[in-house]
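Single-structure report; data block below.
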Amino acid sequence: MNGNHALRNGILWGLGFALMIAALYMVFVYVPTEKHTGIIQRIFYFHVPVAWVSFLAFFVTFIGSILYLWKRQEKWDAVACASAEVGVVFTTLVLITGPIWAKPVWGIWWTWDARLTTSLVLWLIYVAYLLVRSLATEPEKGARYGAVIGIVGFIDVPVVFLTVNLWRTQHPTTIIFEGGLTTPMLMTLMVCIAAFTVLYVLLVIRSAGLKTMEAEIRRLRIMKAE
Amino acid sequence: MNKAFTKIFVIFWKDMLMEFRTREIIISVLVFALLVLVIFSFAFGTGIDVTEMTAPGILWVALTFGGVIGLSRTFAVEKENSRLEGLMLCPVDRAVIYWGKLAGSFTFMLAVAVVVTPIFLALFNLPIFLPRLALVIVLALTGFAAVGTLFSALAVNTRARDIMLPILFLPVVVPVIVSAVKATAPVLAGAPWGDMLTWLQIMIAFDIIYLVAATLVFEFVVEE
Amino acid sequence: MENLGYLLAAYSVIWAFVFGYILFLQRKQRRLQRQIDALKESIEK
Amino acid sequence: MNKDIPNSSIRAVEARGLEKTFGEQRALRGVDLTVSRGECLVIFGPNGAGKTTLLKILSTLVKPSAGSVRLDGIDIRDKPAQIRRRISLVGNQTFLYDNLTVYENLKFYGKMYDVADLENRIREVISWVGLESRLHDRAGTLSRGMQQRASFARAVIHDPSILFLDEPDVGLDPHASAMVSDILGNINSGSRTVVMTTHNLERGVELGDSIAILDRGKVVYQASREELSKADFRQIYDRYTETGR
């Protein structure tokens, strides 16, 4: 059982590593430079997958939260919490790489466009999620409150996006892809998305494992107190 | 079903009665909201061109921050003397407790808005009688109360209860704030209904989504 | 090759965060494992 | 300890294997309790023994980590609303709204329980606790003892068949504390089942039809009053709770 576990983990890490190398090769060697915006466009191949992963992460938190409130099994809470944590790390990256990309292309660090603003609001919601978990008076309460925020926060995403989109209609996609996505560009993007998704899965397994260890420590402490 | 409505009203009326006695929520929120108005008018100036740009934002910042202050009292009151346990012992669905407290929070915020808005309009030399603005206020405050009542119950059970509510509440109600500001601008400018329709629709959608979602998850916040 | 600095900055930030996070997880895991071992030992005694 | 009597009569309170863990703290570790209808069970125990947690679980406020509770034969998970109608809890705190009068408090809770003919009911319960003269005073202006009496009135407004009392005389002066047992006699004139916790060994032994000692989340001693002569109960208590150490 344990050996199987390690094997699966090993395969996943191997796969993730290979995909990452392939992704880097494609981004820096294989794919041709985009004509209009130049070399800086290569941020796209990492920025978009990172954004995709953060969205995926919050979706997993949403599902995990529902399952936890329904089944009351610690494992669902561990998955939901781990995924939110990874999601916050990746959203932070979106919020940092976005401006680094925007500055040379648009000449400004930040624009209140729908995607950036939605990411910022998401980041705030899930930072609050992690805060509530750490400030709850006991772990079981933290898990329950987290689940409620994981659900209530996620259904906000489409509404925030829609609202902000109507509020400031500036679509960076039209500026960046005047020529559209060519086949090599699309291939590169796909490989990068695959690489980051595998990385996400690895990180969540790792982080959820720590949650299980924390629960184990609580159980052992109780046993010791007997 | 009928009984549930009666119980919702009983909880609501209890909150009204307490507020009649002390007026602590309405007075403190009102003073706070007015202070925000005054501070912002200093920060932005009040020339006619400036007013057009900033007035809707100033009104909604005042009502939003005032709202948070009021919402934080919603369940703090029930936490004192363990009254929430008394409520939880009652033979009612947890959703009934949510709706009863929601009705109270909404009414308090509405009462504050009814006083603050005319003062705001007068201070900025805008027309006072604006029935369409009333609609915007009702829709926005419904959204605030729907989210705020849920998070108020959650925040009182955490360690940093005073700061937790705004941290949770404000990012989630971003769509309401944006829509309320955007819908207020055409009203103040005397523009036709068409300009605010989309924003009203977003607020209606938000209100329905959060009233339903919060009704469903409220029990997980108050159970022990 | 203008803007190369921005590109490098973006990629290094991503890698710094990812490795930083992995390192954080690893350290935490080691700490928790030590706690578990110590607890198990003290229970067996 | 207690014999299983199959189907002979429905027990008012029947708890099986109750466990509750708060974080790293085990408040209850396997509590079994049976209380017959109309009986008064008094639970003794040092601070932190889990008395309050036990009563909160029995009164549906806290969900147990493991185990089950049946009240009047109904599992409390099955029909919470129906259960809550039959029970009541007097906690460490009064659950009263300070800014409302005693009357308004009673009216609020009475309406929440759909009490029929509420005005008469309020008059009745308020006379039981002897608070008629203060009925229209704000709850917050009453002394601790009077608030506790109002809390008793609140607790029986809907005529519960099972009453849980969590240290009803804590923080009261001896005089007021003696009143608690009088009031208990008044409100319990019918045949309510009572489960109460207390620190007060003498009074508890007087009141209880049976007695249990809870220590560190476990029932360590249980006896009916007949099995117990008052003189040696202090010794029994000290022995079982290890307070002598």
Side-chain angles (χ1 to χ4, degrees), chain A residues 58 62 65-72 77 80 88 91 112 114 116-169, chain B residues 57 98 143 146-151 153-183 185 195-199 201-224:
Chain A
F58 297 142
F62 174 64
S65 300
I66 292 175
L67 287 172
Y68 175 71
L69 289 184
W70 184 21
K71 308 260 188 200
R72 291 306 171 93
D77 175 57
V88 167
T91 313
W112 291 96
L116 287 182
T117 311
T118 307
S119 303
L120 181 59
V121 173
L122 268 183
W123 187 84
L124 289 167
I125 291 176
Y126 286 91
V127 167
Y129 171 99
L130 295 177
L131 263 177
V132 165
R133 296 204 61 129
S134 66
L135 288 173
T137 43
E138 52 183 280
E140 194 270 332
K141 269 189 185 170
R144 229 175 334 111
Y145 297 166
V148 166
I149 301 166
I151 293 168
V152 172
F154 189 77
I155 55 178
D156 209 24
V157 176
V159 192
V160 172
F161 186 80
L162 178 73
T163 316
V164 182
N165 206 16
L166 287 165
W167 175 53
R168 290 278 159 92
T169 29
Chain B
Y98 170 74
V147 176
T149 305
L150 176 71
F151 284 159
L154 197 157
V156 290
N157 282 318
T158 60
R159 266 178 275 147
R161 54 166 79 167
D162 296 321
I163 190 68
M164 224 47 245
L165 178 65
I167 286 181
L168 281 168
F169 173 78
L170 292 174
V172 173
V173 296
V174 159
V176 179
I177 299 173
V178 171
S179 305
V181 170
K182 281 292 184 178
D195 292 5
M196 55 190 292
L197 205 60
T198 321
W199 304 107
Q201 284 167 345
I202 291 179
M203 282 194 280
I204 292 170
F206 184 97
D207 293 355
I208 293 171
I209 291 172
Y210 274 96
L211 286 172
V212 172
T215 304
L216 292 175
V217 297
F218 183 72
E219 64 169 306
F220 300 114
V221 170
V222 286
E223 80 177 34
E224 291 276 333

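A note on names: the letters A, B, ... follow the listed sequences, proteins ahead of strands, and every chain is numbered from 1. Just so you know, these numbers use all the heavy atoms, side chains as well, and skip hydrogens, waters and symmetry mates. This one's a predicted model, so the numbers in the text were calculated from it and none came from an experiment.
Proximity to chain A (any heavy atom under 4.5 Å) is shown, for B:Phe218, by neither the backbone nor the side chain. If you measure heavy-atom distances from A:Ser134 to chain B, the contacts under 4.5 Å come from the backbone alone. At a 4.5 Å heavy-atom cutoff, A:Arg133 makes no contact with chain B through either its backbone or its side chain. Of the two parts of A:Val148, only the side chain, counted from C-beta on, holds a non-hydrogen atom closer than 4.5 Å to a non-hydrogen atom of chain B.
In terms of heavy-atom pairs under 4.5 Å with chain B, the best-connected choice from A:Ile151, A:Ile149, A:Thr117 is A:Ile149. By number of non-hydrogen pairs under 4.5 angstrom with chain A, the leading residue of B:Val217, B:Thr158, B:Val172, B:Val178 is B:Val172. In terms of heavy-atom pairs under 4.5 Å with chain B, the best-connected choice from A:Val127, A:Leu124, A:Val157, A:Val132 is A:Val132. The residue among B:Pro175, B:Ala160, B:Ala155 with the most heavy atom pairs within less than 4.5 Å of chain A is B:Pro175. Each of B:Ile202, B:Leu154, B:Leu150, B:Leu168 has some count of heavy-atom pairs under 4.5 Å with chain A, and the biggest count is that of B:Leu154.
Between A:Phe58 and A:Ile125, every side-chain heavy-atom pair lies at or beyond the 4.5 Å cut-off. Counting heavy atoms from C-beta on, the side chains of A:Arg144 and B:Val221 never come closer than 4.5 Å. The side-chain heavy atoms of A:Leu166 and B:Trp199, taken from C-beta on, include a pair separated by under 4.5 Å.
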Tabulate below the donor-acceptor pairs under 3.5 Å that side-chain atoms of residues 206-216 of chain B make, not counting sequence neighbours, or state none.
unit_1	atom_1	unit_2	atom_2	d
B:Asp207	OD1	B:Gly143	N	3.2
B:Tyr210	OH	A:Val152	O	2.7
B:Tyr210	OH	A:Asp156	N	3.4
B:Tyr210	OH	A:Asp156	OD1	3.4
B:Thr215	OG1	B:Trp99	NE1	3.0
B:Thr215	OG1	B:Leu211	O	2.5

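From A:Glu140, atom CD reaches atom OH of A:Tyr145 across 9.0 Å, with rounding to the nearest 0.5 Å. Distance check: B:Met203 CE to B:Met196 CE gives 7.0 Å after rounding to the nearest 0.5 Å. Within the model, atoms OG of A:Ser65 and CZ of B:Phe220 stand 11.5 Å from one another, a figure rounded to the nearest 0.5 Å.
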